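To keep things clear, I will list the structure first and then write my remarks on it.
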Amino acid sequence: MALTDEKAKATESNPTVSINFEVNGVRHALVIEPRETLLEVLRNRLGLMGTKLSCDVQVCGVCTVLLDGMPVSACTVLAYEARDREVLTIEGLAQGEELHPIQEAFIEGRGFQCGFCTPGMILATKALLAENPDPSIDDIKGYMKGNLCRCTGYRTILDSIQIASKRLRQEHP
């Protein structure tokens, strides 16, 4: 078989698609396999390691990123679904060396222990507070029920979200 025949056969068995999307304010044009998840593209192609893999079935919230401002599980969203859209990961939240107020609140409220779930928690919090700037504790519990933590217990996470809510309301009354 000629080399060009082998290449053609490989292409047929491994189709690709082109996507354009914005990640953390930077436009990207990539050629991907249709089966690649957003998580795989973020980590393996763009080197954004803050988005983690844990359950791989949209249960734990560890891989939460924002897609056009809405929280999604990057482990189950196909990268192709992000075409012509905006993705925000934990790496894009801070402004240079200045942490986002939600990140500061998680430090102040000790809303993390090992830190594995923290990026997903923080991005889910950002989406919650964009939707509801002054949530009750029950609102927070309801919204965050898809984000699991194995280390801290949830009191410090709830406290951190309340601190973030208060801080953001003071900054943007």
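Just so it is clear, the model here is predicted, and its values are computed rather than measured.
Shown here is Met49, whose CE atom has more than 12 heavy atoms of other residues, nucleotides or ligands within 6.0 Å. The environment of Glu98 atom CD is sparse: at most 12 non-hydrogen atoms of other residues, nucleotides or ligands sit within 6.0 angstrom. Remark: Arg35 CZ is loosely packed, at most 12 non-hydrogen atoms of other residues, nucleotides or ligands lying under 6.0 Å away. Heavy atoms of other residues, nucleotides or ligands lying less than 6.0 angstrom from CZ of Arg169 number more than 12.
In this structure, Tyr154 and Met144 have side chains that are not in contact, with every pair of non-hydrogen atoms separated by 4.5 Å or more. With contacts defined as side-chain heavy-atom distances shorter than 4.5 Å, the pair Glu108/Arg167 qualifies. A heavy-atom distance below 4.5 Å is found between the side chains of Ser165 and Pro135. Ser160 has its side chain out of reach of Phe112: every pair of non-hydrogen atoms, C-beta onward, lies at least 4.5 Å apart. Between Asn147 and Cys60 the shortest side-chain heavy-atom distance does not fall below 4.5 Å.
Checking side-chain atoms of Asn24 against main-chain N and O of Thr89 turns up a donor-acceptor pair under 3.5 Å.
Taken to the nearest 0.5 Å, the CG atom of Leu88 stands 13.5 Å off from the CE atom of Met70. To the nearest 0.5 angstrom, Ile140 atom CD1 is 4.5 Å from Ile137 atom CD1. Expressed to the nearest 0.5 Å, how far CG of Leu78 lies from CD of Glu40 amounts to 9.0 Å. Distance check: Leu158 CG to Ile163 CD1 gives 11.0 Å after rounding to the nearest 0.5 Å.
Within the structure, side chain to side chain donor-acceptor pair (under 3.5 Å) pairs that include any residue of residues 52-63 comprise Gln58-Thr76 (at least two apart or interchain). Pairs passing the salt bridge (charged side-chain N to carboxylate O under 4.0 Å, His left out) check and including a residue from residues 72-93, sequence neighbours excluded, read Asp68-Arg85.
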> Can Leu53 and Cys75 be said to form a side-chain contact (heavy atoms from CB on, under 4.5 Å), step by step?
Replying inline: CA-CA 7 Å; Leu53 175 64; Cys75 71; 4.2 Å; yes

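Lys145 and Leu148 make their closest contact through O-CD2, 4.0 Å (heavy atoms, listed as atom of the first residue, atom of the second, distance). Between Val31 and Ser18, the shortest heavy-atom distance links the atoms CG2-OG, 3.9 Å. The shortest heavy-atom contact between Thr51 and Cys63 is CG2-O, 3.5 Å. Across all non-hydrogen atoms, the minimal contact from Asn20 to Ala29 is OD1-CB, 3.0 Å.
Applying the under-4.5 Å side-chain rule to Ile, Leu, Val, Met, Phe, Trp and Tyr, the cluster around Leu48 extends to Val17, Ile19, Phe21, Val23, Leu30, Ile32, Leu38, Val41, Leu42, Leu46, Val65, Leu67, Val72, Val77, Tyr80, Val87.
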Compile the donor-acceptor pairs under 3.5 Å between side chains in residues 100-107 and protein atoms, sequence neighbours left out, one pair per line.
from, atom 1, to, atom 2, distance (Å)
His100, ND1, Ile102, N, 3.0
Gln103, OE1, His100, N, 2.8

Hey, can you pull the donor-acceptor pairs under 3.5 Å for the side chains in residues 119-129, sequence neighbours left out?
from, atom 1, to, atom 2, distance (Å)
Thr125, OG1, Met121, O, 2.8

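Residues Tyr143 and Ile161 fall within the same hydrophobic cluster, defined by Ile, Leu, Val, Met, Phe, Trp and Tyr side chains chained together at heavy-atom separations under 4.5 Å.
For the residue pair Asp139 / Ser136, a side-chain donor-acceptor distance below 3.5 Å is found, with atom types taken as modelled.
Residues passing the side chain to side chain donor-acceptor pair (under 3.5 Å) test with Arg150: none are found, sequence neighbours excluded.
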